[in-house]
Amino acid sequence: MAKGITKRSEDYSKWYLDVIAAADLAEHSAVRGCMVIKPNGYALWENIQRQLDNMFKETGHENAYFPLFIPESFIKKEAQHIKGFSPELAVVTYGGGKQLEEPLVIRPTSETIIWSTYAKWIQSYRDLPILINQWANVVRWEMRTRLFLRTAEFLWQEGHTAHATEQEAIEETLLILDVYRRFAEEYLAAPVFTGVKTAAERFAGAIDTYCIEAMMQDKKALQGGTSHYLGENFARAFDVTFQDENGENKYVFATSWGVSTRLIGALIMMHSDDNGLVIPPRLAPTKVVFIPIWRDDSQSDMLKAKITALTEGWKGRISFKVDDRDQYRPGYKFNEWEKKGVPIRLELGPKDIENNQVVMVRRDTGEKMFVSQEGLLERVENLLATIQQDMFNRALVFRDANTYDEDNFEAFRNRIEDPGGFFWVHWCGSPACETRFQDSSKATIRLIPMGESKKEDGSCIVCGQPSHTRVLVAKSY
RNA sequence: CGGGGCGUAGCGCAGUCCGGUUAGCGCGCCUGCUUUGGGAGCAGGAAGUCGAGAGUUCAAAUCUCUCCGCCCCGACCA
């Protein structure tokens with residue numbers, strides 16, 4: 001049915017690239033590992049941005065902007081940080097035709113430039129907290145790249161906050177984790193597990209890294225966002241101190257957190273099908289496309305006028321398009337908007353005029369409905385809400401059907417290959433056993449859950465030592 | 001960086017083994033007419049430094065050498 005899109009069952013990663021091409025979201029650029037985000041893809045990013053930005057503002061954050069270039073010496077100040085990032089840095093050594101005295105690193109993340117700045121801003125406890133976010137691009141020289149999922153340059157937001165107490169900083173970290181979870185569930189229609197990373201998977205320079213993890217349709221995990229509690233690590237490296245109420249000098253406590261254009265990759269891989277992109281209504285740049293179907297010119301004028309009347313008052317309430325192009329026939333248009341993932345298609349032809357109806361078609365299920373022209377906007381809005389909810393529910397059912405408890409290491413090694421999925425297993429906490437998961441199964445510990453749900457006594461699936469909680473293990477992107 | 005594949009019109013490809021007219025095909029694009037409820041038909045048309053450079057030859061998309069780039073799979077990562 002869909003020309004030019006490989007079936008998921010044939011080649012999942014080819015399918016992924018085909019969906020992006022068919023929906024005209026992005027393309028590879030002349031620069032290795034970089035992508036051009038085209039208008040359809042960027043519109044998705046703008047919607048993600050708009051919503052998250054609102055959520056950050058609602059929780060008391062402000063936006064600011066820090067420079068792209070970071071003096072090399074800054075990056076080197078925090079030992080773990082430089083260790084983690086040095087392999088993937090892009091460095092500028094020439095400027096204005098002359099060799100620079102000090103090379104400038106193109107930011108892979110902005111902790112160092114930000115903390116060197118915060119050091120100047122903070123003297124007193126009265127200066128705290130600082131709750132800043134920035135929308136920016138960053139560069140990480142990746143070996144292997146894939147559109148949206150991993151590119152050498154990507155767009156993201158990075159929040160950087162400074163607090164007087166450890167408790168407040170940890171609360172901030174968890175607050176943002178919850179913002180990410182809510183955004184994933186309510187907007188991306190993506191059920192996620194939340195938890196904390198193991199030491200091996202932790203952000204370079206963090207005390208703890210919290211994350212949201214979602215299951216893609218190939219049953220692999222994708223980390224959608226991270227929130228880090230940085231403790232005093234960066235404050236010590238950049239000498240960021242404040243005087244508290246008692247006149248004592250103390251280091252500030254830090255957090256940082258981010259989500260990137262990778263979320264677009266997650267959205268694609270969770271919801272799209274063999275006919276192309278499927279966008280959750282709340283993030284869809286165009287929520288409804290209206291297609292008139294005519295037999296001659298007089299009809300076309302009449303139908304266009306009717307659609308204008310039917311969509312009276314829609315502007316400002318719902319984003320819609322009327323596809324009245326004369327050079328394409330209806331079937332072509334149906335297909336085109338399906339590939340692009342528009343949630344609802346409305347058709348209006350001579351038969352519908354006779355019956356005072358409109359044909360309404362869901363992108364997510366393909367279901368076709370004949371509905372009255374009365375109260376059309378309300379019907380559309382209701383259906384959009386239904387689609388949003390159904391998409392979440394389907395993803396949740398899929399994830400739960402492919403998530404298992406497993407206590408036998410050999411069985412685990414077999415099942416992670418076939419059928420694959422998420423596995424809750426007991427782990428003693430030792431890095432040695434963690435390494436054995438990875439080496440023997442190519443799967444990693446995605447997170448250690450925080451709540452009570454997976455707390456139970458058991459024995460480590462690798463070594464048999466006591467364990468008090470199950471951890472989530474899966475192959476991942 | 002290792003393994004595999006590829007580079008010929010905007011996109012997808014044939015032609016390359018075995019050198020030889022004016023480098024083809026499909027889709028798309030432009031013009032016109034007919035069409036229009038699931039990817040329209042006919043007619044006409046535009047569009048190529050055959051990835052780059054060097055070499056062999058009367059003659060190179062095709063043979064030789066060098067280089068560049070991209071995609072897929074692995075090791076590292078949001």
Side-chain angles (χ1 to χ4, degrees), chain A residues 1-6 11-18 21-22 24 27-35 83-89 108-109 137-158 180 197 200-204 209 211-213 221-228 256-266 275-276 291-297 299-300 303 323-339 345-355 357-359 361 366 368 370 438-439 442 444 476-477:
Chain A
M1 176 150 176
K3 289 182 201 162
I5 298 180
T6 306
D11 185 339
Y12 191 81
S13 73
K14 183 108 193 327
W15 164 81
Y16 174 75
L17 294 168
D18 286 349
D24 212 20
E27 62 187 42
H28 293 281
S29 76
V31 182
R32 176 192 178 81
C34 294
M35 65 177 163
K83 204 171 149 198
F85 280 106
S86 56
E88 49 190 81
L89 295 180
T109 179
N137 58 339
V138 287
V139 168
R140 298 179 186 179
W141 214 261
E142 298 290 348
M143 293 269 175
R144 207 181 132 216
T145 59
R146 300 182 77 189
L147 290 176
F148 292 116
L149 295 177
R150 177 165 299 104
T151 44
E153 179 194 13
F154 57 93
L155 306 183
W156 77 346
Q157 58 68 215
E158 47 179 325
Y180 289 161
K197 288 290 188 189
E201 301 279 327
R202 196 178 284 156
F203 173 75
T209 289
C211 62
I212 56 172
E213 295 277 338
L222 186 126
Q223 177 177 306
T226 48
S227 183
H228 314 291
S256 69
W257 28 273
V259 300
S260 70
T261 36
R262 177 180 244 202
L263 287 179
I264 296 174
N275 294 323
I291 300 176
I293 297 159
W294 59 75
R295 294 192 184 282
D296 57 54
D297 286 352
Q299 276 183 339
S300 105
L303 287 166
D323 188 353
D324 58 5
R325 291 175 298 176
D326 196 21
Q327 67 267 40
Y328 298 113
R329 301 166 88 215
Y332 180 92
K333 296 178 183 177
F334 296 169
N335 182 257
E336 170 161 338
W337 296 109
E338 270 166 19
K339 287 190 299 188
R345 179 177 80 239
L346 297 176
E347 303 168 20
L348 188 73
K351 288 182 222 161
D352 305 309
I353 295 290
E354 279 172 34
N355 299 324
Q357 67 179 18
V358 170
V359 180
V361 184
K368 196 177 220 175
F370 300 88
Q438 299 190 22
D439 293 352
K442 305 277 187 201
T444 49
S476 72
Y477 279 97

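Throughout, protein chains are lettered first and strands after them, A, B, ... in sequence-line order, and every chain is numbered starting at 1.
- For the pair A/F154 and B/rA78, the ring geometry qualifies as stacking, because the centroid separation is below 5.5 Å while the planes lie within an angle under 30°.
- Regarding A/N355, its CG atom lies at a distance of 18 Å from the P atom of B/rG37, rounded to whole Å.
- The side chain of A/I293 lies closest to B/rG37 when the candidates are B/rA78, B/rG37, B/rC72.
- For the pair A/K339 NZ and B/rG28 P, the interatomic distance rounds to 11 Å; values are reported in whole Å.
- Within the structure, every side-chain polar atom (N or O) of A/Y332 is placed at least 4.0 Å from both OP1 and OP2 of B/rU35.
- Among the protein residues, A/L149 comes within range of the nucleic acid bases, having at least one heavy atom under 4.0 Å from a base atom.
- In this structure, A/D11 atom CG and B/rC71 atom P are separated by 15 Å, rounded to whole Å.
- Among the protein residues, A/K442 comes within range of the sugar-phosphate backbone only, with heavy atoms under 4.0 Å from sugar or phosphate atoms but none that close to a base.
- Map A/V361 and A/R262 each onto its nearest nucleotide of RNA chain B; the residue landing nearer the 5' end is A/V361.
- A close approach under 4.0 Å does not occur between any side-chain nitrogen or oxygen of A/R329 and OP1 or OP2 of B/rU35.
- When heavy atoms are screened at a 4.0 angstrom cut-off, A/Q223 is found touching the sugar-phosphate backbone but no base atom.
- Rounded to a whole Å, the CD atom of A/E142 is 8 Å from the P atom of B/rA78.
- Between the side chain of A/E338 and the base of B/rG38, at least one donor-acceptor pair of N or O atoms lies under 3.5 Å.
- Listed nucleotides: B/rC1, B/rC70, B/rU36. Nearest to the side chain of A/D326: B/rU36.
- The nearest whole Å value for the distance from the NE2 atom in A/H28 to the P atom in B/rG10 is 19 Å.
- Nearest to the side chain of A/V359, among B/rC70, B/rU36, B/rG37, sits B/rG37.
- With A/F154 as the aromatic partner, A/R262 does not meet the cation-pi criteria of under 6.0 angstrom to the ring centre and within 45 degrees of the ring axis.
- A/K351 comes within contact range of at least one nucleobase, with a heavy-atom separation under 4.0 Å.
- Environment of CZ in A/R325: crowded, with over 12 heavy atoms of neighbouring residues, nucleotides or ligands closer than 6.0 Å.
- Interatomic distance, CG of A/L155 versus CE of A/M35, reported as 6.5 Å (0.5 Å rounding).
- For A/M143, the side-chain atoms get nearest to B/rA75 when compared with the rest of B/rA75, B/rA78, B/rG37.
- Note on A/G349: a base of the nucleic acid sits closer than 4.0 angstrom, heavy atoms only.
- Side-chain proximity of A/K368 to the nucleotides B/rG38, B/rG37, B/rA78 is greatest for B/rG38.
- To the nearest 0.5 Å, the span separating CZ on A/F203 from OG1 on A/T109 amounts to 4.5 Å.
- Per the geometry, CG belonging to A/D18 stands 13 Å off C1' belonging to B/rC72, to the nearest Å.
- Close to B/rG74, at under 4.0 Å from its OP1 or OP2, lies a side-chain N or O of A/R144.
- A/R146 comes within 4.0 angstrom of no nucleic acid atom, judged by non-hydrogen atoms across all strands.
- For the pair A/C34/A/T151, no side-chain contact is recorded, criterion being any heavy-atom separation below 4.5 Å from C-beta on.
- Look at the P atom in both B/rA23 and B/rG51: the space between them is 15 Å, to the nearest Å.
- Which of B/rC73, B/rC76, B/rU36 sits closest to the side chain of A/S13 comes down to B/rC73.
- Here A/D296 lies out of heavy-atom contact (under 4.0 Å) with every strand.
- Nearest-nucleotide mapping onto RNA chain B: of A/T151 and A/W294, the residue sitting toward the 5' end is A/W294.
- Using a 4.5 Å heavy-atom threshold, the side chains of A/L303 and A/I353 count as touching.
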